[in-house]
Amino acid sequence: MGRRNITQVSDFILMGLTDSAEIRLVLFTLFLLMYLITVLGNVGMILIIRLDPQLHTPMYFFLRHLSFLDLSYSSVITPKTLDNLLNSTKDISYLNCFIQMSCFIFLGGTECFLLSSMAYDRYVAICNPLRYPIVMYTRRCCSLVFGCYLIGFMDSFVNGLCMSRLHFCKSNIIYHFFCDLSPILALSCTDTHGVEIIISTFAGSSLVLSLTTIAGSYVSILSTILKITSTSSKKKAFSTCASHLLGVTVFYGTMIFTYLKPSKSYSLGKDHVASVFYTIVIPMLNPLIYSLRNKEVKNALRRVMQKIK
């Protein structure tokens, strides 16, 4: 076989969301405001759970890690997006691009299984309330969270290993506002079919496993709630799951819309909107979803504020 002259690109150019200077300024203001809310909301949630002893329970242990993931998730993407909206130079180095993509996949994969662990926690609390302290003891909760981070790392590692086998010698222009998988694969000058199969198989298996855990937990929860005769008890049981169920629906809905489709159907407009939603909007919404409907968090905030005073 003859040797091919492959010139590896040293950096990429992120085209962003729009070329209009006026729209970029509006988006910068909007995204900056959303990022500040994200930071304040998630840091606030972490501090409240840490400072209030009454929130030292398995549910809030998982919620604290969810806030940490959302904060990290947004911080991996949003600062660079804000920088690109202000500056005319939108380049990102090859190394930084793949670090951003690896962190994004690691945090996203970890959050998928953390949401599954939270669903299992709600299943045990509602379906086996008497055994809840025995089943969800501290060591098991720590093991579940460690497992979530480990699976997220494995997802990221497999993705990085596959992407390292590719060469990028065509265009270096990424038609996205961050280093996402689909637009980067489109730039490769080597065959990506095998890589796409490996990545899709691994990511699909993780997604199916986490969704199966969540679906199984909520089927059992619904079955238990329907057997409850007291209306007030039913409302209380539903209220403990409503926030988590809403968060799961929003997170998985946008993920499935964006990634569970052929790479050829990649659409700039629709995928940009979905990507903005799960990288910038969802990390901002989660602390609001889990706090505004939660009396325990509101009461904990009052107690913490009284201690400070």
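Just the heavy atoms: all of them, side chains too, but no hydrogens, waters or symmetry mates, feed the values below. The first residue in the sequence is number 1, and the count goes up from there. Quick caveat: nothing in here was measured; it's all calculated off a predicted structure.
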Side chains of [X] and [Y]: closer than 4.5 Å at any heavy-atom pair?
{"X": "Val250", "Y": "Phe277", "value": "yes"}
{"X": "Met163", "Y": "Leu166", "value": "yes"}
{"X": "Phe238", "Y": "Leu222", "value": "yes"}
{"X": "Ser93", "Y": "Phe12", "value": "no"}
{"X": "Ile92", "Y": "Cys179", "value": "yes"}
{"X": "Asp180", "Y": "Met101", "value": "no"}
{"X": "Phe31", "Y": "Val281", "value": "no"}

*Got a second to check how far Tyr252's OH is from Ser210's OG, nearest 0.5 Å?*
3.0 Å
*asked:* Distance check, rounded to the nearest 0.5 Å: Tyr175 atom OH versus Leu17 atom CG?
replied: 14.5 Å
*asked:* Is there a side-chain hydrogen bond (donor to acceptor under 3.5 Å, both in side chains) between Tyr123 and Thr224? Walk through the geometry before answering.
replied: CA-CA 9 Å; Tyr123 157 74; Thr224 301; over 6 Å; no
How close do [X] and [Y] get, heavy atom to heavy atom, and via which atoms?
{"X": "Ile77", "Y": "Phe177", "answer": "CG2-CE1, 3.9 Å"}
{"X": "Asp70", "Y": "Glu111", "answer": "OD1-OE1, 3.1 Å"}
{"X": "Ile48", "Y": "Val297", "answer": "CG2-O, 4.5 Å"}
{"X": "Pro287", "Y": "Pro283", "answer": "CD-O, 3.2 Å"}
{"X": "Ile282", "Y": "Phe251", "answer": "CD1-CA, 3.8 Å"}

*So among Thr213, Leu209, Ile214, which one has a side chain to side chain contact (heavy atoms under 4.5 Å, CB included) with Phe113?*
Leu209
_Which Ile, Leu, Val, Met, Phe, Trp or Tyr residues join Val219 in one cluster when any pair of side-chain heavy atoms under 4.5 Å counts as a link?_
none
*Can you list the steps and then say if Val124 with Arg131 is a side-chain contact (heavy atoms from CB on, under 4.5 Å)?*
CA-CA 8 Å; Val124 177; Arg131 300 191 70 242; 5.8 Å; no
Flag for [Y]-[X]: side-chain donor and acceptor within less than 3.5 Å:
{"X": "Thr192", "Y": "Glu196", "answer": "yes"}
{"X": "Ser20", "Y": "Thr18", "answer": "no"}
{"X": "Thr78", "Y": "Ser74", "answer": "yes"}
{"X": "Ser275", "Y": "His176", "answer": "yes"}
{"X": "Ser75", "Y": "Tyr35", "answer": "yes"}

*Working for side-chain contact (heavy atoms from CB on, under 4.5 Å), residues Ser67 and Asn286*: CA-CA 8 Å; Ser67 293; Asn286 273 343; over 6 Å; no
*Parallel, tilted or perpendicular: rings of Tyr94 and Phe168 (30°, 60°)*: perpendicular
Tell me which donor-acceptor pairs under 3.5 Å the side chains of residues 53-62 have, and how far apart each pair is, sequence neighbours excluded?
residue: His56; atom: NE2; partner: Ile49; partner atom: O; Å: 3.2
residue: His56; atom: NE2; partner: Arg50; partner atom: O; Å: 3.1
residue: His56; atom: NE2; partner: Asp52; partner atom: O; Å: 3.4
residue: Tyr60; atom: OH; partner: Asn294; partner atom: OD1; Å: 3.1
residue: Tyr60; atom: OH; partner: Asn294; partner atom: ND2; Å: 2.9
residue: Tyr60; atom: OH; partner: Glu296; partner atom: OE1; Å: 2.5

*Do Ser217 and Arg122 pass the side-chain contact (heavy atoms from CB on, under 4.5 Å) test, and can you show the C-alpha distance, the side-chain angles, and the key distance before you say yes or no?*
CA-CA 8 Å; Ser217 298; Arg122 292 299 83 206; over 6 Å; no
*asked:* Test side-chain contact (heavy atoms from CB on, under 4.5 Å) on Met118 and Leu63; report intermediate values, then the result.
replied: CA-CA 8 Å; Met118 293 173 74; Leu63 188 54; 4.3 Å; yes
*Same apolar cluster: Leu115 and Ile151, side chain cutoff 4.5 Å*: no
Show me the side-chain donor-acceptor pairs of residues 137-149 shorter than 3.5 Å, one per line, residues at least two apart or across chains.
residue: Arg140; atom: NH1; partner: Val135; partner atom: O; Å: 3.3
residue: Ser143; atom: OG; partner: Arg139; partner atom: O; Å: 2.9
residue: Tyr149; atom: OH; partner: His65; partner atom: ND1; Å: 3.2

Side-chain donor-acceptor distances from residues 103-110 under 3.5 Å, at least two apart:
residue: Thr110; atom: OG1; partner: Phe106; partner atom: O; Å: 2.7

*Restricting to pairs with a member in residues 187-225, which pass ring-ring contact (aromatic ring centres under 6.0 Å, His included), not counting sequence neighbours?*
Tyr218-His244
_Inter- and intrachain pairs under salt bridge (Lys or Arg N to Asp or Glu O under 4.0 Å), touching residues 71-85, at least two apart_ = Lys80-Asp83
